[in-house]
Structures are given as structure tokens and as C-alpha cells.
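Data first, discussion second: the structure below is written as C-alpha cells.
Computed from heavy atoms alone, side chains included, the values below leave out hydrogens, waters and symmetry copies. Since the structure is predicted, the reported quantities are computational estimates derived from the model, not experimental observations.
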Amino acid sequence: MAHAHKLEIFRGLLKFKSNTQKIWGVLIFLSVITAVEVVLGIAKPRALTHSHFVGMKLINWVFIILTLVKAYYIAWDFMHLRDEKSSLRRAIVWTPIFLVAYLLFILLFEADYIYNVYKDGFIQWNF
């Protein structure tokens, strides 16, 4: 027997009367996050582009976090993860989060090493 989908988002803060209203609400939420990303990509505020955190510009961290929020919300709502058991949700959500964090660590560490090799003059900048 099929069960009815929950017509709420943000853990019950917004409740809708129909699936159509919920789809529009989710579309607006994802569009706002995308618009923020586009505006930041065009404007490139000096406060975010000239300050660093853990070896990377703050604007890059903002893009990574907003992209992960969108990906998580799409999986949560459109793939109906909120209706699954917690162990399956954890297996699906936490595994990629750890893999992305590991990948970011490797990329940042290797990029810093390569930059320092070129900066210290062991290899010349020939491009």
C-alpha cells in the first residue's frame, strides 16, 4: 500500500496543501540558492576573494557549501530519503560527505605542494 508524501519542507517549518505547491516551494528554494551562487560569481566581493580559510579563498568555500546544500536537499526531498530508515539515510548521505571532504583535503594539499615547488624555483614557470 502506498503512503502519502509529506507535504512539508525544512523539517515541517513550511507546510503545503498539495504536491504542486510543494514542488513550487522547492523550486523557489533551489532557485534562490542558485541565484546567490550566480550573484556571488558575478560580483566576486573583495571580502570573499581576498581572504583565505584552510588554504582556499572564502568564496570557493561558499560555493562548495551551497552546492552541497542543494545536493543534500535534492536527495532528501526528490529521492524521498526523509521517508527511509535512518541507517539507509546515513549510508547514502555520510559516505559521499566523507569522500568529498577527503578529496578536498587531497586537492588542497597537492595544490599547495605544487605551488611551493614552482615558487621556490625547483622548477621554472614556463607556461
Side-chain angles (χ1 to χ4, degrees):
M1 174 164 82
H3 61 283
H5 296 290
K6 294 179 182 176
L7 296 175
E8 56 190 31
I9 59 174
F10 304 123
R11 301 202 183 245
L13 291 177
L14 288 175
K15 296 182 181 179
F16 300 101
K17 295 178 183 174
S18 68
N19 279 332
T20 306
Q21 286 181 345
K22 182 180 177 187
I23 290 171
W24 280 105
V26 170
L27 174 69
I28 291 169
F29 170 67
L30 294 175
S31 297
V32 166
I33 292 179
T34 303
V36 168
E37 287 178 332
V38 169
V39 167
L40 286 175
I42 292 171
K44 294 181 182 141
R46 184 169 177 81
L48 295 177
T49 57
H50 286 53
S51 52
H52 292 76
F53 177 71
V54 192
M56 197 164 55
K57 293 179 182 178
L58 280 179
I59 196 162
N60 292 339
W61 284 111
V62 170
F63 287 143
I64 289 170
I65 290 168
L66 289 176
T67 302
L68 289 175
V69 166
K70 283 194 310 187
Y72 176 79
Y73 192 76
I74 288 169
W76 184 260
D77 207 36
F78 290 119
M79 295 173 66
H80 306 289
L81 284 181
R82 73 170 171 270
D83 299 329
E84 299 296 337
K85 293 186 179 194
S86 63
S87 57
L88 178 63
R89 286 192 308 231
R90 286 188 197 112
I92 292 173
V93 172
W94 285 106
T95 303
I97 286 175
F98 287 126
L99 291 176
V100 167
Y102 179 68
L103 177 65
L104 284 174
F105 170 76
I106 294 296
L107 288 174
L108 290 174
F109 189 76
E110 290 296 323
D112 189 50
Y113 170 76
I114 292 171
Y115 174 76
N116 286 330
V117 166
Y118 280 112
K119 184 180 85 169
D120 294 337
F122 295 120
I123 298 174
Q124 295 297 318
W125 293 94
N126 60 358
F127 47 88

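At a threshold of 4.5 Å between side-chain heavy atoms, the hydrophobic network of Ile, Leu, Val, Met, Phe, Trp and Tyr places I33 and L68 in one connected group. Note: the hydrophobic cluster containing F53 also contains V100 (ILVMFWY, side chain heavy atoms under 4.5 Å, direct or indirect links). Taking hydrophobic clusters as Ile, Leu, Val, Met, Phe, Trp and Tyr residues chained together by side-chain heavy-atom distances below 4.5 Å, F98 shares a cluster with L88. Taken together through direct or relayed side-chain contacts under 4.5 Å among Ile, Leu, Val, Met, Phe, Trp and Tyr, I64 and L30 form part of one hydrophobic cluster. W94 is connected to Y72 through a chain of hydrophobic side-chain contacts under 4.5 Å among Ile, Leu, Val, Met, Phe, Trp and Tyr, so both are in one cluster.
In this model, no donor atom of one side chain and acceptor atom of the other lie less than 3.5 Å apart for K57 and S51.
Counting only heavy atoms from C-beta outward, the side chains of I42 and V38 approach each other to under 4.5 Å. Using a 4.5 Å heavy-atom cutoff, the side chains of E37 and T67 are in contact. Looking at Y73 and V26, their side chains come closer than 4.5 Å, going by heavy atoms from C-beta outward.
Rounding to the nearest 0.5 Å gives a distance of 7.5 Å between CG of L40 and CG of L66. Note that the CE atom of M56 and the CG atom of L107 stand 9.0 Å from one another [nearest 0.5 Å]. Atoms CD1 and CD1, from I92 and I97 in turn, are 12.0 Å apart once rounded to the nearest 0.5 Å. In this structure, NZ on K44 lies 7.5 Å from CD1 on I59, to the nearest 0.5 angstrom. The structure places CG of L104 at 11.0 Å from CG of L99, a figure rounded to the nearest 0.5 Å.
Applying side-chain contact (heavy atoms from CB on, under 4.5 Å) to S31 and the options L27, I28, T34 leaves one that passes, L27.
Residues P96 and A91 approach most closely at CD-O, 4.4 Å, considering heavy atoms.
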